[in-house]
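Written below as structure tokens is the structure these notes are about.
Nothing fancy with the numbering, it's 1 onward along the sequence.
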Amino acid sequence: MATLTLPAVAPSPTQDSERLRVALQGWGVDQEVIIWILGHRNAVQRKKIKETYQQLFKESIIHCLQSALSGVLGKAMSYWMEEPPERDAKLVEKTLKRGKAGITQLQVIVEIACASSPNHLMAVRQAYCSLFDCSLEEAITSKVSSSLQKLLLGLVSSYRYDRELVDLNVAKSEATKLHEAIEKKQLDCDEVMWILSTRNFFQLRATFKHYKQNYQVPIYQAIMSSGSDDLGSLLRVVILCIDAPEKHFAEVIRASLSGHRTDVHSLARAILARVEIDMMKIKEEYFNMNKVSLDDAVVRKTSGGYKDFLMTLIGARI
């Protein structure tokens, strides 16, 4: 369930654009108005505002937001105004530009491939090609270590069936195959890669359920116990994103809020990605993990307009 709240009757894109123009170019930037408007508009409404703003003022609202809003708020707000496929394509490019990206960075690619719909993944691949004159597969091949290439290439190249179709006999058979590979510490075998990158999500959840019933341990725990190398760690992310995305994103948010310095970029990425999908479930999972509400955690670890923007998106009182 989403936490994004929308007005009962939304103003027209023209009205929103005119109010935003005043807020961005008045005597002083009015962050409160900007957050109130854009923090209560869904992806379709934001796209119309972006198009209308360009038509009315011959300027990109994203560029205006970046110029008017400093620091992490400006970055988060500009990402929020991007169309989701373009936003994710840019996040992937930022990840791949890092020298030797680790699991924490590469999990962004897994999230797009395994915690989003097949149609969204296709749209991200198309956006990546348009933005960077290179296929996502080419970029992964040139930037990611060989030990992880096979898995990531399989995930982003796949187009899974997007309907609820489950064969319990296949689930039982493939749970056994996965167990054998884990026991033999052969996590990179072709069969494991094929199962995880091609089966529809409903089928895989049935396989994971059968694995737990038959072997008395969740499959992601079994993978980690068979070895803690990068492939095992990334496979754990794959399984969580498919089986329980709310648990994965709650972990991402918890990690971003832990320590002395908040990882503001990971925090914003996770919230922006899920606020229109399942943020309510993520908030519940976060509380189960930490015995503190996400609202309280965000209040304690963030500040200013950035805090107000995130609080608005997760449906908290400011």
Side-chain angles (χ1 to χ4, degrees), residues 88-116 121 124-125 128 134-158 160 174-175 177-199 201 204 207-208 211 215 217-245 247-259 263 265-267 269-270 273 289:
D88 281 350
K90 290 179 179 180
L91 286 172
V92 171
E93 174 65 8
K94 183 178 179 181
T95 294
L96 293 176
K97 281 176 70 175
R98 292 171 177 261
K100 285 203 162 189
I103 300 304
T104 302
Q105 290 77 41
L106 293 176
Q107 70 183 14
V108 173
I109 300 173
V110 175
E111 290 166 4
I112 294 166
C114 299
S116 304
L121 173 58
V124 172
R125 290 173 62 188
Y128 194 93
C134 172
S135 74
L136 185 51
E137 292 88 342
E138 287 176 301
I140 288 172
T141 301
S142 65
K143 298 291 186 180
V144 179
S145 66
S146 58
S147 62
L148 301 176
Q149 274 185 27
K150 184 192 293 187
L151 175 60
L152 290 175
L153 288 173
L155 294 175
V156 302
S157 301
S158 175
R160 303 176 195 268
E174 293 188 344
K177 292 175 182 177
L178 291 171
H179 178 70
E180 290 172 353
I182 291 170
E183 288 291 295
K184 295 176 181 177
K185 301 185 185 300
Q186 295 176 346
L187 298 180
D188 64 343
C189 73
D190 291 343
E191 202 154 37
V192 170
M193 301 296 162
W194 187 88
I195 291 170
L196 294 178
S197 63
T198 61
R199 292 298 189 194
F201 294 140
L204 285 170
T207 298
F208 301 156
Y211 190 102
Y215 303 109
V217 63
I219 185 171
Y220 67 86
Q221 288 185 11
I223 284 174
M224 293 308 294
S225 66
S226 75
S228 57
D229 60 1
D230 285 349
L231 180 57
S233 297
L234 201 59
L235 280 169
R236 179 183 183 276
V237 177
V238 170
I239 290 165
L240 277 181
C241 283
I242 293 170
D243 197 36
K247 184 184 290 290
H248 166 74
F249 284 100
E251 288 184 356
V252 172
I253 292 171
R254 178 173 63 177
S256 71
L257 291 171
S258 63
D263 183 349
H265 299 293
S266 293
L267 177 62
R269 172 179 62 80
M289 286 180 177

Where [X] and [Y] come nearest, the two heavy atoms and their spacing:
X	Y	result
L240	E251	CD1-OE1, 3.9 Å
I112	S116	O-CB, 3.3 Å
Y211	A222	OH-CB, 3.4 Å
I182	I219	CD1-CG1, 3.9 Å
A115	P245	CB-CB, 4.3 Å
L155	L121	O-CD2, 3.6 Å

Compare all side-chain heavy atoms of [X] with those of [Y] and state whether any distance is below 4.5 angstrom.
X	Y	answer
E111	R269	yes
D190	K150	yes
Q221	R236	no
I223	L178	no
R160	C114	yes

Practice task
Carefully, step by step, assess I140 and V92 under the rule side chain to side chain contact (heavy atoms under 4.5 Å, CB included).
Solution key: CA-CA 10 Å; I140 288 172; V92 171; 5.9 Å; no
Which distance, rounded to the nearest 0.5 Å, do you find between the [atom1] of [X] and the [atom2] of [Y]?
X	Y	atom1	atom2	result
L204	S197	CG	OG	9.0 Å
M224	I239	CE	CD1	10.5 Å
L196	E191	CG	CD	11.0 Å
F201	C241	CZ	SG	9.0 Å
Q186	E180	CD	CD	9.5 Å
L151	D230	CG	CG	11.5 Å

Completion exercise
Sequence neighbours excluded, the answer for salt bridge (charged side-chain N to carboxylate O under 4.0 Å, His left out) partners of K94 is none
Completion exercise
Residues passing the salt bridge (charged side-chain N to carboxylate O under 4.0 Å, His left out) test with R254, sequence neighbours excluded, are none
Exercise for the section: Apply side chain to side chain contact (heavy atoms under 4.5 Å, CB included) to D188 and M193, showing your working. Expected result: CA-CA 7 Å; D188 64 343; M193 301 296 162; 4.1 Å; yes
Exercise for the section: Ignoring hydrogens and angles, tell me if any N or O in the side chain of S158 forms a donor-acceptor pair with the backbone of G154 under 3.5 Å. Expected result: no
Handout entry: Exam field: side chain S266 to backbone D263, donor-acceptor pair closer than 3.5 Å
Key = no
Handout entry: Salt bridge flag under 4.0 Å for residues K143 and E138
Key = no
Exercise for the section: Applying side chain to side chain contact (heavy atoms under 4.5 Å, CB included), run through E174 and W194 and close with a yes or a no. Expected result: CA-CA 11 Å; E174 293 188 344; W194 187 88; 3.8 Å; yes
Practice task
State which residue, out of E93, E137, K90, fulfils the side chain to side chain donor-acceptor pair (under 3.5 Å) condition with Y128.
Solution key: E93
Problem - L91 vs I109, side chain to side chain contact (heavy atoms under 4.5 Å, CB included): CA-CA, chis, key distance, verdict - result: CA-CA 9 Å; L91 286 172; I109 300 173; over 6 Å; no
Practice task
For Q149, enumerate each residue passing the side-chain contact (heavy atoms from CB on, under 4.5 Å) test, keeping only those at least two apart in sequence or located in another chain.
Solution key: T141, V144, L153
